[in-house]
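Please read the structure below before turning to the comments.
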Amino acid sequence: MTRSATRDVIMTLVVSAILIAVMPMLVGTYTLTVLVIYGMLGLSLGLIWGFGGILCFGQAAFFGLGAYIYAISAINIGESTLPMILAVALTAGFALLLGAMMFYGRLTDVYLGVITLVVTLILFKFINTTAGPQYKIGDARLGGFNGIPGFQTLNVPGDPGAYIWGDALFYVCAVALVIVFLLVTWLLRSSFGRIAVGIRENETRMALMGYDVAARKTVLFAIGAGIAGLAGAFFANWAEIVTPTLFSLGQSAEIIIWCIVGGLGTRLGPIVGAAGLAYLKFMLGQQSMIDNTLIMGLVLVIFVLFLPRGLVPAIGSLWQASVGRTARRRPARRMRRARHG
Amino acid sequence: MAETVLETAGLTMRFGGVTASDNVDFKLQSRELRCLIGPNGAGKSTFFKCVTGLLTPSEGHVFMRGQEVTGWHPHQIASLGVGIKTQTPNVMDALSVHENIWLAARRFFDVAEARARADDVIERLALGPIARTDLGQLAHGERQRVELGLVAVADPWLVLLDEPAAGMSATDVDRMTTIIHEMTRSAAVVIVEHDMQFIRSIAETVTVFHQGAVLMEDHVDRVMADETVRRVYLGKNA
């Protein structure tokens with residue numbers, strides 16, 4: 001276990017170091033930064049949905065909250081370190097309350113989807129109505145549908161004059177994604193993560209074994225929201241403006257599609273799905289021949305029909321099928337690894 | 001005198017106009033093996049669900065080791081050291097046998113101890129060859145056996161089994177009988193069961209349910225010989 005864990009960490013570090021070095025030569029860092037941020041957002045839903053069985057239709061709500069909390073506190077504080085922390089902590093705190101309400105209320109499946117969807121809608125509608133000058137938190141005007149521009153963006157901790165932007169912002173975001181990825185890996189290998197997967201598989205059984213299912217789902221939900229909040233804060237720094245469209249239902253739906261296409265129940269799948277589809281959307285946005293939502297819909301349909309487990313598991317099985325004569329003797333182990341990505 | 005580990009007083013459960021459990025007084029001593037029998041709809045499973053916290057009784061009280069647990073959640077009851085197996089196999093399908101049993105042990109022991117105990121139970125239940133196989137790929141009898149393993153690994157002092165022998169082959173039932181006898185060395189065991197052959201092979205004291213209430217409670221031989229029991233159970237209209 002520990003040896004495979006070490007190998008996992010080293011593999012992750014090597015692969016991500018290569019990617020961070022090579023990718024900027026192929027794609028502009030400005031685009032890459034947002035792909036990395038979307039990857040983090042995809043990972044946040046991939047964690048709670050793929051490993052906790054919690055299908056949240058409102059992951060965009062946490063993304064938007066993280067961005068808004070960053071923007072508002074950055075205006076008031078004038079330095080970026082504390083706002084980054086607040087964006088993660090307050091978003092996770094909000095999710096903790098929302099999750100406790102849902103999970104202790106024994107809401108499951110479709111009702112959970114409806115509530116998270118409605119919360120996203122409420123935030124979207126509410127922020128849109130805050131155009132008037134009376135809506136302000138400290139020095140920050142919420143700005144309604146115009147959003148909040150002109151806040152302090154990411155700086156070197158302790159030095160508000162030393163901005164981190166452009167290439168540097170890309171490297172910060174990429175390293176943050178690697179760290180989050182490693183933390184998620186560690187979480188899933190820990191007892192907490194293994195128990196979460198048990199709960200995904202059979203809530204009743206886990207309760208009958210003495211696990212407080214509601215408490216554990218609430219905590220996992222909050223961790224996922226915290227990661228989405230961090231992604232939101234980075235997004236605010238990248239875009240240098242936050243607008244209510246962050247909370248839109250389209251954004252929420254897109255995150256779900258990233259997870260399905262990339263491969264649910266893997267750590268890498270949602271990241272690959274997010275970055276890949278976001279890049280596709282970016283490319284499609286440069287032409288006017290065909291509407292890009294049409295293409296996105298087509299991609300989803302094709303994946304659901306032909307690769308229902310998603311891209312990463314499909315590539316995994318393909319690789320094992322070509323390499324795997326020797327591995328065939330232990331089919332159970334092989335399947336397990338494929339599932340855990 | 002032996003300690004009373006499970007007691008219900010006036011336990012009543014109503015679903016609308018139907019009284020599924022009617023004023024049941026029940027007592028179980030430590031390390032006792034008790035079978036609950038009765039025809040379909042007699043209220044055995046409702047009684048079972050009320051005791052395990054899956055249902056909250058309309059009236060009456062449930063005590064475990066003298067502590068009132070009426071209305072507790074299943075996870076709180078299980079945390080006391082009560083092992084529960086439901087009627088339909090309840091396992092984690094996408095996880096391996098070892099992971100399933102480890103999860104059950106982890107609730108009460110640390111990581112290393114849980115692994116040692118899981119290995120031990122896998123050996124005792126002869127699950128070694130399939131320890132790395134996912135539950136979803138196993139046959140019904142094997143899944144039942146794994147679920148018993150989930151219960152046994154936590155080292156409970158009270159074990160509640162709902163129809164453990166349902167749909168199992170004769171060999172599986174024999175193996176199950178051995179495991180249950182092993183459990184009674186350290187725990188009181190309640191078995192809700194339909195299979196009369198299984199009851200005859202394992203039971204000592206039997207409680208007979210009929211129309212939600214306790215009809216009689218006696219040694220298995222006397223229960224089997226009783227005219228009233230035979231009438232309600234076998235539907236003989238004498």
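Residue numbers begin at 1 in each chain, while the letters A, B, ... track the order of the sequences.
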Item to check | A:Asn202 and B:Asn90 side chains, donor-acceptor separation under 3.5 Å | outcome: yes
Item to check | Which atoms of B:Leu150 approach chain A - backbone, side chain, both or neither, heavy atom under 4.5 Å | outcome: side chain
Checklist entry - So, A:Tyr211 side chain and B:Ala104 main chain: donor-acceptor pair closer than 3.5 Å or not? => result no
Next on the checklist: If you count every heavy atom of other residues, nucleotides or ligands that lies below 6.0 Å from A:Tyr111 atom OH, does the total exceed 12?
Outcome noted: no
Item to check | Sub-4.5 Å side-chain heavy-atom contact between A:Arg194 and B:Arg106 | outcome: no
Next on the checklist: Quick check against the 3.5 Å criterion: does B:Arg107 have a side-chain atom that pairs as donor or acceptor with the backbone of A:Gly210?
Outcome noted: yes
Item to check | Test side chain to side chain contact (heavy atoms under 4.5 Å, CB included) applied to B:Met92 and A:Arg200, step by step | outcome: CA-CA 8 Å; B:Met92 281 68 87; A:Arg200 175 194 74 188; over 6 Å; no
Checklist entry - For B:Glu113, does the CD atom sit with more than 12 other heavy atoms under 6.0 Å from it, leaving out its own atoms? => result yes
Checklist entry - Among B:Lys85, B:Gln76, B:Glu147, which has the most heavy-atom pairs under 4.5 Å with chain A? => result B:Glu147
Checklist entry - Among B:Thr52, B:Val91, B:Leu80, who wins on heavy-atom pairs under 4.5 Å with chain A? => result B:Val91
Checklist outcome for this item: Taking every heavy atom of B:Asp93 against every heavy atom of A:Glu201, the minimum-distance pair comes out as N-OE1, 3.6 Å
Next on the checklist: If you compare all heavy atoms of B:His75 against all heavy atoms of A:Asp212, which two are closest, and at what distance to 0.1 Å?
Outcome noted: CE1-CG, 3.4 Å
Checklist outcome for this item: Smallest heavy-atom separation, A:Arg205 atom then B:Thr86 atom, equals NH2-N, 4.4 Å
Next on the checklist: Other residues, nucleotides and ligands only: do more than 12 of their heavy atoms fall within 6.0 Å of CZ on B:Phe48?
Outcome noted: yes
Checklist entry - So which heavy atom on B:Ala78 is nearest to which on A:Leu208, and how close? => result CB-O, 3.1 Å
